[in-house]
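As the structure is a prediction and not an experimental result, all values here were calculated from the model.
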Amino acid sequence: MRDLPKIYNAKEVEDKIYNLWEEKGLFSAKVSQEKEPYSIVIPPPNITGILHMGHALNNTIQDILIRYKRMQGCEALWMPGTDHAGIATQNVVERKLLKGGKKRHDLGRKEFLDEVWKWREEYGGVIIKQLKFLGASCDWKRERFTMDEGLSGAVVEAFIRLYKKGLIYRGNYIINWCPRCQTALSDEEVEHRDVDGHLYYIKYAIKDSNEYITVATTRPETMLGDTAIAVNPTDKKYKNLIGGVVILPILNRELKVIADNMIDSKFGTGAVKVTPAHDPNDFQMGKKHGLEELNIMHPDGTLNKNAGDFEGMDRFEAREALLEVLSEKKLIEKVEPHKHAIGHCYRCHTIVEPYLSKQWFVKMKPLAEPAIKAVEDNRIKFYPKRWRKVYLDWMYGIRDWCISRQIWWGHRIPVYYCGKCQGIMVSKVSPEKCPDCGATDIVQDPDVLDTWFSSWLWPFSTFGWPFDQTADNKGRGKGEDKEKDISTQSEEFKYFYPTACLVTAQEIIFFWVARMIMAGLEFCDEIPFRDVYIHGTVRDKTGTKMSKSLGNTIDPLEIIKEYGTDALRFSIISITAAGQDVFLSKERFESGRNFSNKLWNVSRFLMLNLKSDISGDFADIKMEGLPLADRWLLTAFCNTAESVTKSLDSYRFNDAANMIHDFLWHKYCDWYVEISKASIKNEQTQLILYNVLKASLQLLHPVMPFITEEIWQVLDGREPIMISSWPKPHKRLIDTQANDYMEKIIAIITAIRNIRAEMNIPHKLKIDVLVKSNDNVLMSFSEEIKIYAGRVSGVENILIAKDIKQPKASASNILDFCQIYVPLQGKVDIVTEKARLNKNLVESERLVSRLLKKLGNNSFIDKAPKEIVEQEKQKELVLMAKITRIKETIENLT
RNA sequence: GGGCGGUUAGUUCAGUUGGUUAGAACGCCUGUUUUACACACAGGAGGUCGUAGGUUCGACUCCUACACCGCCCACCA
């Protein structure tokens, strides 16, 4: 054993330890038939990502599971990688180009993509480096990227399979369009936020009449694309207008008045303008009534030539201009404030436009069915359970998935069009000629796929799926492992898939979790994971979600720098109850830092006091003749080991962390180490100090990997703690009676300390103590009590006996099972002493009266279980006796 | 509009199937340089568990309403 430096230098230790693990190859997992597999795939962070508290929480949890299972003897694989994050990354690179005054179209597709790859080479690995700072024990050699050769092959394969099954189609529909990113979005990529808007009441002239019909709208500019007016067929107000014609203001086009029961006659005026090209409802109505779909907008959100004088204006600019014109013409009946939810792009937060365009879709209902069943049958379980319902509700109402994106960065859609006959070819590679007409004029679809179209394959594409391919199956990207043979990869898939647990946040259930389940069942005929653990969202202390734009973030890297990674991990885990959101402030990390410091110092204490050649494990501890405190500690340790194991098995990470904290700090350090200072040279004491600390470090290792490894290396060093075996409680070491009596002694010592503190007895002054008790067993521990109390509460002599009389001028403390007297000639003030005893009396009487009420209730006696009644009667006896003794003690005070 | 979560000490939160004298951390008060740790040690104060009902021998825990805070979903223009 070597010494530990006085101060724990987290940064230095963390670098050293992480390198040690990596050098020894401890992160890597391989197929091993003797071991049970335990695998987790990481939610691949975006290559644009930088580590935030959400990542810190998410990855700490995964690392805890992986380290725990690894120590339990599983072949634990944590599969890492990154996501190409189509829109997000493209936006970042576009912004960078813009600084040089260039747009992506100035470069052209190929050159732009080169730029993105360059950017990725330079910055795409930042998040991985940061995960390493966090201590993540991923099998880095397996690191994947969603744009790898292999994973790209998987994407194409998945597309083609679905297309052939008729589950992918192309069509003109209203989709969510981001005018800034200039691409379609899926429904999930739109964030709805309540916005204070207005409801404008606009008058449309009825043809050949002086009258008007008023419609209400929140988006007046879309009226330029109106192709009808709709009312409810049962609405008496408008009955005679149905089939008539009204004049669209400004553009003066004629619009038919149609009847449709989609219209709610109670909302607004009961009459609705119909704009099939710019509203999903109107689109549906338009189809039903054969209305013209008139697009008035360019992809960038400016109006097109169909908008007349408003052509070229931005949509919101046009709204203002249009309202002005309408107002001049006195066509605005009124304007009401109106709060409503408006969709925003989840990547750039621009207001999304419902937009008519030709896109590719996945038919989801057939995919959803088996995925619903898998959860209904509990083959996949959600933790906490409430997310099961959220998942199922969404799946029951699932809608088709718009998967084409009008951006460049991503997997290009494997569809080719014949320039001559317009035929469609779906293929892995560009066909040389059209199979229908033989033309060679062939163009690939310019669009790329939604990022999530690669993510949903992640749990199996990372294991080399698809397996029946040769061309697309050569592993991971640029150059490495080209020779890897297919059977090996299938072997790994068979071994590690399905994965054990998916750890993620609530926001991602629909985007990713649900889709992975569908993909797993569709493409592999097997669920992708058995458990889904949903942790809370990280918020600031006011409850607002942490985000860069709000500036309310706490940077995990800063915490790591200041307090150490283990402090970060411990703190965030100990305050995160299963699935609850986490409210953070910087001060909350102090508890983790303090705990690190405590661990470090108690370890230093051992180094300074233990024999340098100490060895021997739990088996070498001789229980025979072992003192009480030692038995108590061993029992408490076994209980802790058992509870921690149970907690980790049920995803109760905060409980696990807090239980080890409590054991190590308050039992091991505060009591056992203090007491053992009296017998520090004793071999058994040393063995216990040594082994209990080591085993506790093991229990703590999944949560605080670095400091536990560092201390372990110094204490033991034979093999890293990381691959040591998870501690099991040994029956031999458990002594319940000793445990109970030690708890009593702790109560006695606490009572003595209480007297000392309240009587202001100086620390250096030794005192004598008398304990009156009828408990023979307690008396049999007299010698130990004397040592313990002497060591930690400054007691010179202590006498435990049945027939002790209350000495004159003594301070006392009456417990449930004994009376404690401290003779203090000349130091006891009768008034304060009485007050002290009285407080105890009042509290005991309060408890007794409550008990008496309960025991006086006949139906309690009749109906409550016998043990409970007996237990309450016992309590009453004990308390009554205690009250009597307190009263006597007060009376004898002179 | 539908669904979900929360409401427990000054603060932030635990409290797993109903039976504990309702816990922790931080903060607060008092004392301590006791030979690992002041990022510490010892002692202490502090809660009618959001409100109102109900079920039960018994409710922080189960049920029903309500209030407030927060989140998610939703094509009422």
**Q** What is the distance from CG of Asn594(A) to P of A24(B), rounded to the nearest Å?
**A** 17 Å
**Q** Would you mind checking if Glu833(A) and Arg836(A) are paired as a salt bridge, meaning a charged N to carboxylate O distance below 4.0 Å?
**A**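 Salt bridge present between Arg836(A) and Glu833(A).
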**Q** What nucleic acid atoms does Phe510(A) come within less than 4.0 Å of, heavy atoms only: base, sugar-phosphate, or nothing?
**A** sugar-phosphate
**Q** With ring-ring contact (aromatic ring centres under 6.0 Å, His included) as the criterion, how do Phe653(A) and His535(A) come out once you've worked through the C-alpha distance, each side chain's angles and the decisive distance to 0.1 Å?
**A** CA-CA 11 Å; Phe653(A) 305 106; His535(A) 59 247; 9.6 Å; no
**Q** C76(B) P sits how many Å from Asn261(A) CG, rounded?
**A**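 After rounding, the reported distance stands at 17 Å.
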**Q** Let's see if you can work this out: which of A77(B), G43(B), C37(B) has an atom nearest to the side-chain heavy atoms of Asn597(A)?
**A**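 When the side chain of Asn597(A) is considered, C37(B) is the closest of A77(B), G43(B), C37(B).
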**Q** At under 4.0 Å between heavy atoms, how does the protein contact nucleotides 2-8 of chain B? Give one character per nucleotide, 5' to 3', with B, S or -.
**A** -SSSS--
**Q** Could you give the distance from OH (Tyr346(A)) to CD (Glu189(A)), rounded to the nearest 0.5 Å?
**A** 4.0 Å
**Q** Salt bridge check: are Asp393(A) and Lys389(A) linked by an N-O gap of less than 4.0 Å?
**A** yes
**Q** Taking Lys339(A) first and then Asp194(A), would you say they form a salt bridge - that is, a charged N and a carboxylate O separated by under 4.0 Å?
**A**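 No, this pair does not count.
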**Q** What is the distance, rounded to the nearest whole Å, between atom CG of Asp260(A) and atom P of A77(B)?
**A**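 Rounded to whole Å, this separation is 16 Å.
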**Q** Tell me the interatomic distance from Met659(A), atom CE, to U16(B), atom C1', rounded to whole angstroms.
**A** 11 Å
**Q** Strictly by Watson-Crick or wobble contacts shorter than 3.5 Å, is anything paired with A52(B), and which nucleotide is it?
**A**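 Across any shown strand, A52(B) pairs with U64(B).
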**Q** Taking the P atom in each of A42(B) and C37(B), what is the distance between them to the nearest angstrom?
**A**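 Taking atom P in both A42(B) and C37(B), they lie 15 Å apart.
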**Q** Looking at U16(B), does its base get a donor-acceptor pair with the side chain of Arg652(A) below 3.5 Å?
**A**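 By the distance-only test, yes, there is a pair.
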**Q** Between atom OH in Tyr788(A) and atom P in U34(B), what is the gap in whole Å?
**A**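 Atom OH in Tyr788(A) sits about 25 Å away from atom P in U34(B).
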**Q** Reckon Ser603(A) touches a base, only the sugar-phosphate, or nothing at all at heavy-atom distances under 4.0 Å?
**A** nothing
**Q** Distance criterion of 3.5 Å, no angle test: do you see the side chain of Glu674(A) paired donor-to-acceptor with the base of A42(B)?
**A**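 Answer no: no donor N or O sits under 3.5 Å from an acceptor.
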**Q** Tell me which of Ser591(A) and Lys677(A) sits closer to the 5' end of RNA chain B, going by the nucleotide each one is nearest to.
**A**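 This one resolves to Ser591(A).
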**Q** Please name the nucleotide paired to C4(B) by Watson-Crick or G-U wobble geometry with both distances under 3.5 Å, or report none.
**A** G70(B)
**Q** Quickly work out the His763(A) NE2 to A42(B) P distance and round it to whole Å.
**A** 11 Å
**Q** Once you apply a heavy-atom cut-off of 4.0 Å, does Asn754(A) come out as touching a base, just sugar-phosphate, or nothing?
**A**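 Result for Asn754(A) = sugar-phosphate.
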**Q** Starting at the 5' end of RNA chain B, which residue's closest nucleotide do you reach first, Asn609(A) or Ile575(A)?
**A**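 Its nearest nucleotide lies further toward 5', so the answer is Ile575(A).
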**Q** Is the shortest side-chain N to carboxylate O distance from Lys882(A) to Glu843(A) below 4.0 Å?
**A** no
**Q** Regarding Pro762(A), tell me which of base, sugar-phosphate or nothing describes its non-hydrogen contacts under 4.0 Å with the strands shown.
**A** nothing
